[in-house]
Trainee: 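Pasting in a structure now, in C-alpha cells, and then I'll have a few things to ask.
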Amino acid sequence: MTIREMTILLEVAKYNNMSAASRTLYISQSTVSQTILDIEKAYNVKLFERLSKKLVITEQGKIFIDYSKKIIGLYTEMEEAIEKFRLQLKSEQD
C-alpha cells in the first residue's frame with residue numbers, strides 16, 4: 001500500500017464520501033473509487049459498507065485507517081527531519 005493510497009483512504013474516511021474526497025484531492029471520483037477497490041482486492045478486505053450514497057467504515061477499514069494515520073505521520077516526520085538537515089547543511093556551506 002502506497003502513501004498515495006493511504007492518503008486517498010483517509011480522505012474517503014474523513015468524508016464518508018468518495019466524491020467529496022476526490023474534490024479535496026483534486027483527482028477524479030473514479031480514481032478514488034478504483035484506489036479503494038484496489039486496496040480491498042490486494043488485502044482481501046472490505047473497507048467500507050456501501051449503503052445507498054453513504055459509506056460506513058468497517059472494522060477492517062478502521063484498522064487500515066489507524067495504521068495509515070500512523071504511517072503518514074511517520075513519513076511526514078521523516079520528510080521534515082530530512083529537510084531540516086538539508087537546510088542545516090546549506091547554512092553551514094554558506
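The structure displayed is predicted, hence computed values, not measured ones.
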Trainee: As an exercise, state the distance from CD of Glu83 to CD of Gln88, rounded to the nearest 0.5 Å.
Mentor: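 Atom-to-atom, Glu83:CD and Gln88:CD are 12.0 Å apart.
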Trainee: Report the distance from atom OG1 of Thr31 to atom CG of Leu25, rounding to the nearest 0.5 Å.
Mentor: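 Reported to 0.5 Å precision, the distance equals 10.5 Å.
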Trainee: Would Lys70 and Asp66 pass as an ion pair if we require N to O under 4.0 Å?
Mentor: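 Yes, charged N to carboxylate O under 4.0 Å.
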Trainee: State, yes or no, whether a side-chain contact exists between Arg50 and Met18 at a heavy-atom distance under 4.5 Å.
Mentor: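 Yes, their side chains come closer than 4.5 Å.
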Trainee: Could you measure the distance from the CD1 atom of Ile72 to the CD atom of Glu79? Nearest 0.5 Å is fine.
Mentor: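 The CD1 atom of Ile72 sits 10.5 Å away from the CD atom of Glu79.
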Trainee: How about Ile65 and Ile57: do any of their side-chain heavy atoms sit closer than 4.5 Å?
Mentor: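 When only atoms from C-beta onward are counted, Ile57 and Ile65 do touch, with a gap below 4.5 Å.
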Trainee: How would you list, by chain and number, every residue that makes a side-chain contact (heavy atoms from CB on, under 4.5 Å) with Lys14, sequence neighbours excluded?
Mentor: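 Scan of Lys14 (side-chain contact (heavy atoms from CB on, under 4.5 Å), adjacent residues dropped) gives Glu11.
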Trainee: When clusters are formed by joining ILVMFWY residues with side-chain heavy atoms under 4.5 Å apart, either directly or through shared neighbours, do Leu10 and Leu74 land in the same one?
Mentor: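 No, it is not one cluster - the side chains of Leu10 and Leu74 are not joined through contacts under 4.5 Å.
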Trainee: Is there a path of hydrophobic side-chain contacts, each under 4.5 Å between heavy atoms of I, L, V, M, F, W or Y residues, that connects Tyr75 with Ile82?
Mentor: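 Both belong to a single hydrophobic cluster.
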Trainee: Can you tell if the side chain of Leu9 reaches within under 4.5 Å of the side chain of Phe64, non-hydrogen atoms only?
Mentor: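 When only atoms from C-beta onward are counted, Phe64 and Leu9 do touch, with a gap below 4.5 Å.
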Trainee: Treating Ile, Leu, Val, Met, Phe, Trp and Tyr as nodes and any side-chain heavy-atom pair under 4.5 angstrom as an edge, say whether Met6 and Leu37 lie in one connected cluster.
Mentor: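 No; Leu37 is not reachable from Met6 via cluster members.
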Trainee: Hydrophobic clustering (ILVMFWY, side-chain heavy atoms < 4.5 Å, transitive) - are Leu51 and Phe48 grouped together?
Mentor: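 Hydrophobic grouping puts Phe48 apart from Leu51.
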Trainee: Looking at CD1 of Ile8 and CG of Asp38, how far apart are the two atoms once the value is rounded to the nearest 0.5 Å?
Mentor: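 Separation between the atoms: 9.5 Å.
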Trainee: Report the residues that fulfil salt bridge (Lys or Arg N to Asp or Glu O under 4.0 Å) with Glu5, sequence neighbours left out, ordered by chain and then residue number.
Mentor: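 Result, salt bridge (Lys or Arg N to Asp or Glu O under 4.0 Å) vs Glu5: none returned.
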Trainee: Would you find a donor on one side and an acceptor on the other, under 3.5 Å apart, between the side chain of Ser33 and the backbone of Gln29?
Mentor: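 Looks like yes, one N/O pair under 3.5 Å.
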Trainee: Measuring from atom OG of Ser68 to atom CD1 of Ile63, what distance do you get when rounded to the nearest 0.5 angstrom?
Mentor: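 So the gap between those two atoms works out to 11.5 Å.
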Trainee: Just by distance, no angles: are the side chains of Gln34 and Ser30 close enough, under 3.5 Å, to form a donor-acceptor pair?
Mentor: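 Short answer, no.
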Trainee: Where is the tightest heavy-atom contact between Ile39 and Met1, given as atom of each residue plus distance?
Mentor: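 Reported closest heavy-atom pair: CD1-CE, 3.8 Å.
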Trainee: Same cluster for Leu55 and Tyr15 if Ile/Leu/Val/Met/Phe/Trp/Tyr side chains link at under 4.5 Å?
Mentor: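 The answer is no; the residues belong to distinct hydrophobic clusters.
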Trainee: Can you measure from NZ (Lys46) to NZ (Lys41) and round to the nearest 0.5 angstrom?
Mentor: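 Here the interatomic distance stands at 13.0 Å.
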